[in-house]
Amino acid sequence: MNASEPYSAAVGAGITIRNLTVTYHTDRGIFPALKDVSLDIRPQTITGFIGESGSGKTTLAMAIMNAIRTPGLIASGSIYTDGVGDVLKLQGESLRRVHGQHFGFVFQASSNSLNPLKRIGAQLLDLGRSHGIKDPRILLKEARALAERMGMDGDRVLTSYQHELSGGMRQRAGIIFALVLRAKVVILDEPTTALDMLSQQAVLEIIRQIHEERGLTSIIITHDMGVMAEIVQRVVVLYAGRVVEEGPTQDLLQRPRHPYTKGLIDAIPRITGDLAEAKPLAGSPPDLATVPTQGCVFRDRCSLRRPVCDLVEPLAQPAHGDGLVTCHGVNAHD
Amino acid sequence: MREAIRLIKRLIGGALMVLIVATFTFFLVRLMPGNPVQAAYNTLITRGMTPVQAANEVRVMYGFMPHESLWAQYVHYLNQLIHFNLGQSISYEGVSVLHIVLSAAPWTITLVLSGVVASFLLGVTAGVVAAMKRSSGMGSVLTVSGSLLHGIPQFVMALLLAFVFTTLWPIFPFGAPYGGALTPGFNLPFIGSLAFHAVLPVVAYALSSYGGWLLTMKSSVVSVMGDDFVLAAELRGLKPSIRFGYIARNAILPLFTIFALSLGFMFGGSVFIENIFDYNGLGNLLLTSINNRDYPLMTGAFLLITIAVILSNIVADFLYTAVDPRIRRP
Ligand SMILES: Nc1ncnc2c1ncn2[C@@H]1O[C@H](COP(=O)(O)OP(=O)(O)OP(=O)(O)O)[C@@H](O)[C@H]1O
Ligand SMILES: [Mg+2]
């Protein structure tokens with residue numbers, strides 16, 4: 001949160017995002033996948049990004065690492081992270097070093113994040129070589145230990161090719177790559193989608209433990225409200241490329257302010273509860289090609305809609321103590 | 001051990017292919033208009049041979065009797081074939097086809113292999129550069145060079161090279177595989193002269209398939225660069241050289257399958273290139289045997305080219321397995 005904080009290798013770094021706009025340039029036109037996003041990711045905290053498919057979660061994660069690729073473009077904004085400065089100003093070698101050493105990333109489709117022609121161990125050595133690791137044995141030992149912690153046979157994983165591992169094992173191998181260099185900020189894009197419920201629990205628990213041990217700053221992207229409630233400390237709710245609500249998990253889930261967040265929470269059938277109680281979110285998920293360019297982007301699906309929503313895009317106002325909500329329909333002092 | 005079994009399987013498969021091609025050519029020759037076996041028999045009769053003499057002569061040439069049933073002739077032919085007897089040449093009287101074909105083969109194989117290797121290395125490298133520098137001038141120039149060269153037929157390329165570099169601008173010798181005054185053997189001047197004479201035909205082979213390699217490699221690299229694992233490698237901060245290795249190795253895989261096709265194409269091209277540069281290889285042999293209606297020689301040359309292509313297929317297949325762990329059999 002504070003860019004002037006002294007850099008320390010052992011401590012996670014905060015991230016300060018200001019006025020970030022990312023556009024995708026397609027045949028059908030130029031679409032803002034993120035529009036004027038300002039957000040603080042607190043250091044040593046697990047932050048969750050949540051939102052429907054296409055709301056911009058992956059794009060935001062990529063932008064934080066200055067890793068938006070064509071046809072995407074970071075149109076404006078700044079992203080400060082402790083010990084690095086403005087990530088968006090980095091390029092070439094300095095950006096390469098930040099990838100891997102400062103940011104560890106676990107891919108959404110992490111089952112395909114490995115080179116199919118090389119053994120996992122050899123790829124770990126490539127990683128070490130790229131980041132000036134003096135003693136590769138330490139790296140491999142660390143990788144083995146991480147594999148064992150996530151319930152796999154370390155030697156087997158390191159000597160395997162990707163196609164010899166199951167989907168869940170590949171995903172965990174992807175997590176090893178994100179953690180093994182001891183990055184300060186770890187971003188996990190749907191890290192547990194290929195896992196069954198039990199492994200999912202186990203892996204999340206490991207992630208939480210390592211997060212605490214290392215004092216990491218972690219970001220977890222997920223569709224799964226259960227995951228959110230369980231390990232995430234703060235929640236960022238995204239809708240059509242806007243941050244519509246942010247706050248501490250407990251408060252946000254119990255007293256959601258934005259009608260969209262309410263809708264998301266109401267849409268989860270609780271295992272113990274009545275399935276009929278789950279109300280699917282009305283309307284269809286936003287399509288960047290059709291979101292209104294003026295006024296609130298959520299108004300067509302909104303229960304609190306009022307005339308001002310058609311004209312003016314709402315601004316962020318304080319909520320949940322140190323969080324925020326972006327809606328004309330909620331009163332900050334409610 | 002596993003590999004050995006696989007090799008044996010592949011060799012058996014290859015032998016079957018050769019059998020099929022041999023069968024095909026056998027019936028082709030028999031069914032050609034103006035049945036050449038019968039024609040040879042008739043010619044001999046008109047030269048004053050008795051029917052028995054003529055029949056024996058034809059038998060020596062083709063390996064079967066002209067008056068037997070087609071089936072019996074076929075069995076005869078195969079029987080000769082597995083004893084490596086390809087019959088006798090008509091135009092080179094009294095010389096066995098096997099002998100002629102085997103002495104021609106090294107010329108063709110050397111030229112074709114050098115051409116394939118040169119074009120593969122050149123085309124693949126250029127393809128990678130063309131893909132990496134897609135949006136720059138250099139990338140477009142390379143791609144255009146590939147498309148242009150890809151469109152020029154092999155014999156036009158050979159003629160063009162011969163014209164430009166032996167007549168217009170006489171740098172390279174023309175018309176023989178080595179200097180006439182030299183004694184063939186393992187001596188430096190002879191080998192040097194061989195290599196020097198081989199430059200143009202090898203370049204002709206190489207340029208004719210360079211474009212294909214370049215374009216295929218380019219599209220393969222572009223598609224691999226879009227794969228998740230490449231972005232992952234980038235976001236893990238892998239060094240550009242390591243990342244490049246990941247891309248190149250993955251992109252080159254599909255080219256091994258085309259390698260086999262390309263070899264067939266190259267051997268086909270030897271008909272023109274050896275003719276233009278005057279090499280007594282299989283291609284030239286095929287051409288002269290057709291001109292002289294020397295059917296035994298024709299089938300022999302054709303069979304040897306087939307075997308060469310099949311063997312190189314097997315080699316390409318084993319190379320493929322060596323680089324792709326996913327298709328290694330358990
Ligand atoms: N390469 C691209 N080209 C064009 N549009 C893109 C591209 N990548 C993403 N987008 C658009 O940007 C928007 C945000 O995409 P993003 O992948 O960030 O969503 P997400 O929230 O991660 O969704 P999901 O939950 O499905 O992963 C979407 O509308 C998507 O269509
Ligand atoms: Mg996503």
Side-chain angles (χ1 to χ4, degrees), chain A residues 58 61-62 64-70 90 92-120 122-133 159-164 170 173-174 176-181 183 187 189, chain B residues 2-3 124 128 130-136 139-140 217-257 259 316-330:
Chain A
T58 302
M62 290 295 183
I64 287 174
M65 296 181 291
N66 192 2
I68 296 287
R69 297 282 171 270
T70 45
L90 298 180
E93 270 296 281
S94 47
L95 183 59
R96 178 178 80 72
R97 268 183 236 285
V98 163
H99 291 157
Q101 288 178 39
H102 187 81
F103 293 116
F105 186 66
V106 180
F107 278 76
Q108 180 162 10
S110 69
S111 39
N112 291 324
S113 80
L114 299 164
N115 180 351
L117 302 184
K118 265 196 154 181
R119 292 181 204 278
I120 312 292
Q123 296 186 55
L124 280 165
L125 292 179
D126 285 343
L127 185 71
R129 208 145 52 84
S130 297
H131 292 287
I133 301 292
T159 52
S160 290
Y161 290 99
Q162 172 192 270
H163 70 277
E164 294 166 340
R170 287 178 206 181
I176 295 176
F177 275 83
L179 292 176
V180 77
L181 285 180
I187 303 175
D189 195 349
Chain B
R2 253 186 281 129
E3 289 297 281
V124 163
V128 172
M132 298 278 191
K133 309 254 176 253
R134 238 169 323 162
S135 40
S136 79
S140 332
M217 188 63 183
K218 182 189 164 188
S219 74
S220 182
V221 168
V222 169
S223 114
V224 169
M225 285 202 302
D227 282 354
D228 282 343
F229 80 89
V230 176
L231 180 61
E234 210 174 323
L235 289 189
R236 289 177 187 138
L238 290 198
K239 276 188 180 159
S241 57
I242 295 176
R243 230 164 57 217
F244 177 81
Y246 282 19
I247 295 172
R249 221 177 125 197
N250 277 276
I252 210 163
L253 277 184
L255 273 75
F256 280 94
T257 25
F259 194 79
D317 189 55
F318 271 79
L319 281 177
Y320 190 96
T321 344
V323 277
D324 191 347
R326 285 166 297 189
I327 59 165
R328 261 173 230 160
R329 311 283 139 80

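Because the structure is predicted, anything quoted here is derived from the model rather than measured. Just so it is clear: chains get the letters A, B, ... in the order the sequence lines come, proteins before strands, and each one is counted from 1.
Scanning both residues, A:R96 and B:P240, for their nearest heavy atoms gives CD-CD, 3.8 Å.
Taken to the nearest 0.5 Å, the CE atom of A:M62 stands 9.0 Å off from the CD1 atom of A:I187. Interatomic distance, B:F244 CZ to B:M132 CE, rounded to the nearest 0.5 Å: 5.0 Å. Considering CG of A:D126 and CG of A:N115, their distance stands at 8.5 Å, rounded to 0.5 Å. The CZ atom of A:R129 sits 4.0 Å away from atom CD1 of B:I242, with the distance rounded to the nearest 0.5 Å.
With chain B as partner, the option from A:V98, A:L117, A:L181, A:L127 having the largest number of non-hydrogen pairs under 4.5 angstrom is A:L117. Of all the listed residues (A:Q101, A:R69, A:M65), the one sharing the greatest number of non-hydrogen pairs under 4.5 Å with chain B is A:R69. Taking A:A178, A:A183, A:P116 one by one and counting their heavy-atom pairs under 4.5 Å with chain B, the maximum is reached by A:P116.
At a 4.5 Å heavy-atom cutoff, the contact between B:L253 and chain A is made by side-chain atoms alone. Both the backbone and the side chain of A:Q123 come within less than 4.5 Å of a heavy atom of chain B. With a 4.5 Å cut-off on non-hydrogen atoms, B:L235 touches chain A through its backbone and its side chain both.
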